[in-house]
Novice: 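Dropping a structure here in structure tokens format, bear with me for questions.
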Amino acid sequence: MTNELHQPLKLRFLLTGKCTARCAYCHNEGQTKEAAQLRLPVIAMILETLETAGHLPDEIILSGGEPTLNRELGSIARLCKSTGTVVSLDTHAGHPRLLEPALPYLDEMKVHIDSFDPITQRQSMGIEICNVLTSIRLAKQFPALQIVANHPLQRIDDTRDFVEQARILGVDCKVIEMFRFGTSHITPDWKNFGYTQQIKGHWLHEDGQHRIFTKRCDAEHNLDNSLFIGADGIRRAVDGVIIGQAEDFSARMLHCHALSRRTAEIARAA
């Protein structure tokens with residue numbers, strides 16, 4: 001096998017394009033609002049193909065749309081974890097009972113939250129914060145499960161309040177700078193919040209426990225080691241062109257780095 005085949009691999013299984021939130025800035029990783037679901041047998045075939053090729057992923061991210069709307073989520077999470085890889089879930093956490101079956105098999109849960117204020121959260125996302133908090137409480141029953149609140153930075157004062165409430169709740173934060181929505185000039189001085197930078201984009205509170213991660217919303221995924229696999233097809237970037245169908249997955253798709261990079265660049269320029 002070539003060295004290319006042994007590069008670290010990250011799989012994003014886009015379990016459905018449907019979502020019950022209504023975030024105005026959503027990029028919707030599946031590039032579709034359709035309710036079609038990526039099914040368990042297809043995922044099992046993909047993982048078996050990769051295992052046979054000797055190239056199981058280093059990380060599997062269950063995403064969407066809203067992945068908890070996939071009725072097979074618990075079984076999918078269990079199957080993914082059985083490979084021995086790190087399993088992460090991206091969710092708005094508004095459906096705690098749909099989320100619950102997956103929790104025993106997750107290493108990380110990234111929860112998108114605009115605000116802990118019930119009215120603001122409802123107006124911004126259409127999601128009840130009480131349901132989100134229930135999901136977080138359920139997740140906290142699994143001490144090894146890392147919980148991160150993904151939060152869009154729009155106003156520094158709001159973000160300061162959000163980060164403090166997340167710290168009290170015991171949930172780390174990833175603060176996303178919304179460059180395409182007029183906030184590129186906003187860069188909080190986290191030192192004023194009681195945080196010290198550990199490495200670039202990683203801050204630790206003076207309590208020695210709570211962490212903030214920072215990210216630009218226009219940061220690109222690494223085209224060389226990521227596959228976005230949904231019911232509508234397979235891409236190498238969130239906005240990339242379809243390079244094949246999930247049902248037709250083969251290990252040969254791992255060799256398409258140069259072509260997929262070029263086609264993704266052409267798609268973005270179009």
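What's counted below: heavy atoms across the whole structure, side chains too, no hydrogens, waters or symmetry copies. Here the structure is a predicted model, which is why all the values come from computation and not from measurement. Numbering of residues begins at 1 and proceeds along the displayed sequence.
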Novice: Any heavy-atom pair between the side chains of Leu227 and Arg236 that's under 4.5 Å?
Specialist: yes
Novice: List the steps and the verdict of side chain to side chain contact (heavy atoms under 4.5 Å, CB included) for Leu14 and Leu38.
Specialist: CA-CA 7 Å; Leu14 312 176; Leu38 188 63; 5.9 Å; no
Novice: Which distance, rounded to the nearest 0.5 Å, do you find between the SG of Cys173 and the CZ of Phe193?
Specialist: 11.0 Å
Novice: Using the side chain to side chain contact (heavy atoms under 4.5 Å, CB included) rule, take His95 and Leu69 through it: C-alpha gap first, then chi angles, then the decisive distance, then the call.
Specialist: CA-CA 8 Å; His95 308 301; Leu69 300 180; 3.9 Å; yes
Novice: Strictly distance-based, threshold 3.5 Å: is any side-chain N or O of Asp172 a donor or acceptor partner for the main-chain N or O of His210?
Specialist: no
Novice: Taking atom CD1 of Ile119 as the centre, report whether more than 12 heavy atoms of other residues, nucleotides or ligands fall under 6.0 Å from it.
Specialist: no
Novice: Would you say the side-chain atoms of His151 pair up with the backbone N or O of Val175, donor to acceptor, closer than 3.5 Å?
Specialist: no
Novice: Calculate, to the nearest 0.5 Å, the distance between atoms OG1 and CG belonging to Thr91 and Asn150 respectively.
Specialist: 10.5 Å
Novice: Do Ile113 and Leu98 land in one hydrophobic cluster if side-chain heavy atoms of ILVMFWY residues count as linked below 4.5 Å?
Specialist: no
Novice: Take Glu164 and Arg167, measure what side chain to side chain contact (heavy atoms under 4.5 Å, CB included) needs, and give me the verdict at the end.
Specialist: CA-CA 5 Å; Glu164 178 60 17; Arg167 187 181 69 83; 2.8 Å; yes
Novice: How many angstroms lie between atom CD1 of Ile76 and atom CG of Leu89, to the nearest 0.5 angstrom?
Specialist: 10.5 Å
Novice: Give a yes or no answer on whether the side chain of Gln121 reaches the backbone of Asp114 with a donor-acceptor pair at less than 3.5 Å.
Specialist: yes
Novice: If only atom types and distance count, is the side chain of Thr159 paired as donor or acceptor with the main-chain N or O of Ile156 below 3.5 Å?
Specialist: no
Novice: Rounded to the nearest 0.5 Å, what separation is found between the CD1 atom of Ile46 and the CZ atom of Phe13?
Specialist: 5.0 Å
Novice: Which heavy atom in Asn225 sits nearest to a heavy atom in Pro8, and how many Å separate them?
Specialist: CB-O, 2.7 Å
Novice: Mind running side chain to side chain contact (heavy atoms under 4.5 Å, CB included) on Glu59 and Asp107 for me, showing each step along the way?
Specialist: CA-CA 10 Å; Glu59 181 180 4; Asp107 297 289; over 6 Å; no
Novice: Given Met109, which partner from the list Val171, Leu103, Asp90, Leu138 fulfils the side-chain contact (heavy atoms from CB on, under 4.5 Å) test?
Specialist: Leu103
Novice: Where the side chain of Thr83 meets the backbone of Leu79, is there a donor-acceptor pair that is under 3.5 Å apart?
Specialist: no
Novice: Using side-chain heavy atoms (C-beta onward) and a distance below 4.5 Å, is Ile127 in contact with His112?
Specialist: no
Novice: Applying the 4.5 Å side-chain criterion to the ILVMFWY set and letting contacts propagate, would Tyr105 and Leu11 be lumped into a single cluster?
Specialist: no
Novice: Following the transitive rule for hydrophobic clusters with a side-chain heavy-atom cut-off under 4.5 Å over Ile, Leu, Val, Met, Phe, Trp and Tyr, establish whether Val42 and Ile243 coincide in one cluster.
Specialist: yes
Novice: I want to check something: taking the side chain as every heavy atom from C-beta on, are Arg235 and Ile242 in contact at a cut-off of under 4.5 Å?
Specialist: yes
Novice: For Trp203 and Trp190, take the angle between the two ring planes, folded into 0 to 90°, and tell me which bin it lands in: parallel under 30, tilted 30 to 60, perpendicular over 60.
Specialist: tilted
Novice: Which distance, rounded to the nearest 0.5 Å, do you find between the CZ of Arg78 and the CG of Leu106?
Specialist: 13.0 Å
Novice: Answer yes or no: are there more than 12 heavy-atom neighbours, outside Glu128 itself, under 6.0 Å from its atom CD?
Specialist: yes
Novice: Specify the closest pair of heavy atoms between Ile129 and Pro118, including all atoms of both residues, with the distance to one decimal.
Specialist: CG2-CA, 3.7 Å
Novice: So do the side chains of Arg160 and Pro188 get within less than 4.5 Å of each other, counting heavy atoms only?
Specialist: no
Novice: Verify, without hydrogens or angle tests, whether Lys140 (side chain) and Gly170 (backbone) share a donor-acceptor contact under 3.5 angstrom.
Specialist: yes
Novice: Counting only heavy atoms not in Glu51, do more than 12 sit closer than 6.0 Å to its CD atom?
Specialist: no
Novice: Minimum heavy-atom separation for Phe162 to Ser115, with atom names?
Specialist: CD1-CA, 4.1 Å
Novice: So, the side chain of His205 versus the backbone of Arg211: is there a donor-acceptor pair under 3.5 Å, distance only?
Specialist: no
Novice: Honestly curious: do Leu204 and Val148 fall in one hydrophobic cluster under the side-chain, below-4.5 Å linking rule?
Specialist: no
Novice: Can you give me the closest heavy-atom contact between Leu73 and Leu62, atom names plus distance?
Specialist: CD1-CD1, 4.1 Å
Novice: Give the minimum heavy-atom separation between Phe228 and Arg12, together with the two atoms involved.
Specialist: CE2-CD, 3.1 Å
Novice: Can you give me the closest heavy-atom contact between Ala246 and Ile229, atom names plus distance?
Specialist: CB-CG2, 3.8 Å
Novice: Closer than 3.5 angstrom, by distance alone: can the side chain of Glu66 be matched with the main-chain N or O of Thr68 as a donor-acceptor pair?
Specialist: yes
Novice: Just by distance, do the side chain of Thr120 and the backbone of Phe116 share a donor-acceptor pair under 3.5 Å?
Specialist: no
Novice: Quick check against the 3.5 Å criterion: does Thr85 have a side-chain atom that pairs as donor or acceptor with the backbone of Pro57?
Specialist: yes
Novice: Out of curiosity, does Val86 fall in the hydrophobic cluster containing Leu47 (side-chain heavy atoms, cut-off under 4.5 Å, transitive links)?
Specialist: no
Novice: In Å, rounded to the nearest 0.5 Å, how long is the span from CZ of Arg122 to CG of Asp117?
Specialist: 9.0 Å
